[in-house]
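Start at 1 with the first residue, then count along the sequence. Remember, it's 1-based here, ligands and their atoms both numbered in the order they're listed.
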Amino acid sequence: NTVTYSSGSWAPFTNKLQSNHAHQLRLITLLTDDIKNEKLYFDIQPQVDLSKNKIVGGEVLLRWHNEYLGQISPAEFIPLAEQTGLIYKLTYMIIEKAFQWAAAHSKELTTHTLSINISALDLWQEDFAKRTSQLIQKYNLNAEQFTIEVTETSIFQNNDIVISNVAQLHQAGFKLAIDDFGVGYSSMQNLVSLQTDELKIDQFFVMNLLNNKQSQTLCRNMINLSEELNITSVAEGIESEEILNLLQMWNCQLGQGYHLHRPMTPASYLNLLDPGLSESSHQ
Ligand code: C2E
Ligand code: MG
Ligand code: MG
Ligand code: MG
């Protein structure tokens, strides 16, 4: 017996869903292999002190180039890694790579902070803070040089494990940044109860600054809120001089964006900090 469809309207939809699943499965398989074979790496985007026009640190951004698929954005594969549990491995990998690099260049980076993104799911792991603190000791680094960035999600709400991990990370000396603030599940309560050190204004607001009055109001208020709570304000996605000028006028403390610096290789980052050093010493 052959099945005949009276209406074909749902069949293409099913096919599309299946091919999407197949694509995601393939991504996960290739990602798993490439993690094993150490094929992932990171770029760094400089963070600028907006009042002094000076680079004070950088954000570590995960990069994946696969031999079949080419360059794949973390925005695409991080959510998949979160769904499959691969994220835990991925997070420790990127933290260790960043520590390793920072330890190898501790002289050039003495007054610099490095920000590392983690998934909110990592904070659900009972031993996350403990393992991260052990890693920092392994590389003989100062935790105060590092900021852990996490995007708020619904799992933050009054979760004992999350709260305990954040407290332990603080105790070890790490700073905490709430990433993409102002969209999603952001709550002002978390800023206080998690003793947040840094508030990163989502790029959505920053990019709309010139053509959207509401974005202006929200941005200005997020900056003022940070100041009053003694939290460092960071604007992401600064793409023009006009936007930079507005943020400087409102006393936003730090900024990142293509207009300032694009994400770059760690070697280029070091070169930017001290152009006098030869490229060959930057591995
Ligand atoms: P994010 O942490 O909010 O990082 C900022 C993203 O905005 C980066 O994209 C950066 O390259 C991009 N960006 C910076 N300045 C500009 C600008 O002026 N204009 C525009 N249009 N974009 C700008 P990227 O590297 O593709 O990362 C996307 C997201 O993936 C990150 O957002 C973060 O949520 C996640 N991610 C990146 N690396 C990691 C990682 O190591 N671990 C985890 N868990 N997530 C990561
Ligand atoms: Mg980030
Ligand atoms: Mg962000
Ligand atoms: Mg993000």
Side-chain angles (χ1 to χ4, degrees), residues 31 34-35 39-48 50 55 57-65 70-102 113-125 128 132 146-153 155 175-186 196-210 219 222 232-244 247 252 254-266 268-269:
L31 181 60
D34 282 356
I35 292 174
K39 292 277 181 62
L40 283 84
Y41 59 101
F42 63 86
D43 276 347
I44 300 181
Q45 184 177 38
Q47 295 185 322
V48 175
L50 295 183
I55 297 172
E59 178 175 6
V60 171
L61 293 162
L62 189 55
R63 295 292 177 252
W64 178 28
H65 182 92
Q71 200 76 22
I72 303 133
S73 158
E76 185 175 356
F77 67 83
I78 293 285
L80 280 180
E82 288 179 333
Q83 284 163 35
T84 53
L86 203 56
I87 189 69
Y88 306 115
K89 220 175 168 178
L90 205 53
T91 301
Y92 287 119
M93 183 212 71
I94 195 69
I95 290 177
E96 179 144 29
K97 273 189 192 298
F99 286 179
Q100 213 164 28
W101 180 78
T113 59
L114 275 187
S115 295
I116 304 174
N117 293 282
I118 66 162
S119 162
L121 287 178
D122 293 311
L123 294 176
W124 269 88
Q125 302 276 97
F128 178 77
T132 304
F146 295 89
T147 303
I148 304 287
E149 292 192 7
V150 61
T151 305
E152 283 180 299
T153 70
I155 70 156
K175 296 193 186 72
L176 178 77
I178 301 291
D179 207 348
D180 302 343
F181 192 83
V183 297
Y185 292 91
S186 305
T196 308
D197 302 280
E198 215 172 77
L199 181 158
K200 299 192 80 172
I201 302 168
D202 192 81
Q203 6 184 307
F204 172 83
F205 302 108
V206 178
M207 285 172 182
N208 285 314
L209 271 188
L210 297 180
C219 244
M222 284 188 263
T232 304
S233 50
V234 187
E236 294 192 292
I238 301 174
E239 290 190 350
S240 72
E241 185 72 25
E242 291 89 338
I243 289 177
L244 176 64
L247 291 162
C252 184
L254 304 183
Q256 290 173 245
Y258 294 168
H259 177 68
L260 297 164
H261 301 279
R262 287 184 176 258
M264 58 185 75
T265 63
S268 304
Y269 180 75

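- Judged purely by atom type and a 3.5 angstrom limit, Asp122 uses its side chain to pair as donor or acceptor with the backbone of Ser119.
- At a 4.0 Å heavy-atom cut-off, ligand 1 touches Asp180 through the side chain alone.
- Which parts of ligand 1 touch Pro263 is read off a 4.0 Å heavy-atom cut-off, strictly below it: atoms 11 (O).
- Among the atoms of Ser115, no N, O or S atom is found under 2.8 Å from the Mg ion (ligand 2).
- Between Trp64 and Phe77, the ring planes are perpendicular. Angles over 60° get that label, and only those under 30° would be called parallel.
- Geometry about the Mg ion (ligand 3) gives an angle of 90° between OD1 of Asp179 and OD1 of Asp180, rounded in steps of 10 degrees.
- The ring of Phe99 has its center closer than 6.0 angstrom to the ring center of Phe146.
- Minimum heavy-atom separation, Asp43 to Tyr41: OD1-CE1, 4.4 Å.
- Among heteroatoms of the N, O or S kind in Glu149, OE1 lies nearest the Mg ion (ligand 2).
- At under 3.5 Å, a nitrogen or oxygen of Gln203, whether backbone or side chain, sits near a nitrogen or oxygen of ligand 1.
- The Met207 neighbourhood of ligand 1 comprises atoms 19 (N), 20 (C), 21 (N), with distances under 4.0 Å to a heavy atom of that residue.
- The two atoms that bring Glu198 and Thr196 nearest to each other are O-CG2, 3.1 Å, heavy atoms only.
- Under a 4.0 Å criterion applied to the non-hydrogen atoms of Ser119, ligand 1 contributes the atoms 44 (N).
- No other N/O/S atom of Glu59 lies as close to the Mg ion (ligand 2) as OE2 does.
- Residues Glu236 and Phe204 fail the side-chain proximity criterion, which asks for heavy atoms closer than 4.5 Å.
- Atoms of ligand 1 found under 4.0 Å from any heavy atom of Ile238 (numbered from 1 in listed order, with element): 18 (O).
- Listed by atom number, the atoms of ligand 1 under 4.0 Å from Ile94 heavy atoms are 41 (O).
- The N/O atoms of Asn117, backbone and side chain alike, include one that comes under 3.5 Å of an N/O atom in ligand 1.
- Applying the 4.0 Å criterion to heavy atoms of Ile118 picks out, from ligand 1, the atoms 44 (N).
- If you check each of Glu76, Gln45, Glu59 against atom 4 (O) of ligand 1, the one with the closest non-hydrogen atom is Glu59.
- Looking at Tyr258, Phe42, Phe77, it is Tyr258 that brings a heavy atom closest to atom 18 (O) of ligand 1.
- Scanning all heavy atoms of the two residues, the minimum distance from Leu50 to Gly255 falls at CG-N, 3.7 Å.
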Take Val206 and Glu239 through the test side-chain contact (heavy atoms from CB on, under 4.5 Å) and record every step on the way to the result. CA-CA 9 Å; Val206 178; Glu239 290 190 350; over 6 Å; no

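- For ligand 1, the polar-atom distance check finds an N/O of Glu239 within less than 3.5 Å of one of the ligand's N/O atoms.
- No side-chain heavy atom of Leu199 sits under 4.5 Å from any side-chain heavy atom of Ile178.
- Side-chain atoms of Asn117 come within 3.5 Å of backbone N or O of Val60 as a donor-acceptor pair.
- Counting heavy atoms closer than 4.0 Å to ligand 1, residue Asp179 contributes side-chain atoms (C-beta onward) but none from N, CA, C or O.
- Residue-to-ligand polar distances place Leu62 within reach of ligand 1: an N/O pair is separated by less than 3.5 Å.
- The option from Pro74, Ala177, Ser73, Gly257 that lies nearest to atom 28 (C) of ligand 1, judged by heavy atoms, is Pro74.
- Asp197 places a side-chain N or O within 3.5 Å of a backbone atom of Leu176 that can act as its donor or acceptor partner.
- Between atom 5 (C) of ligand 1 and the options Glu236, Arg63, Gln256, the minimum heavy-atom separation is to Glu236.
- Of all non-hydrogen atoms in Ala235 and Leu247, the two that sit nearest each other are CB-CD1, 3.7 Å.
- Put simply, Glu236 gets within reach of the Mg ion (ligand 3), with an N, O or S atom under 2.8 Å from it.
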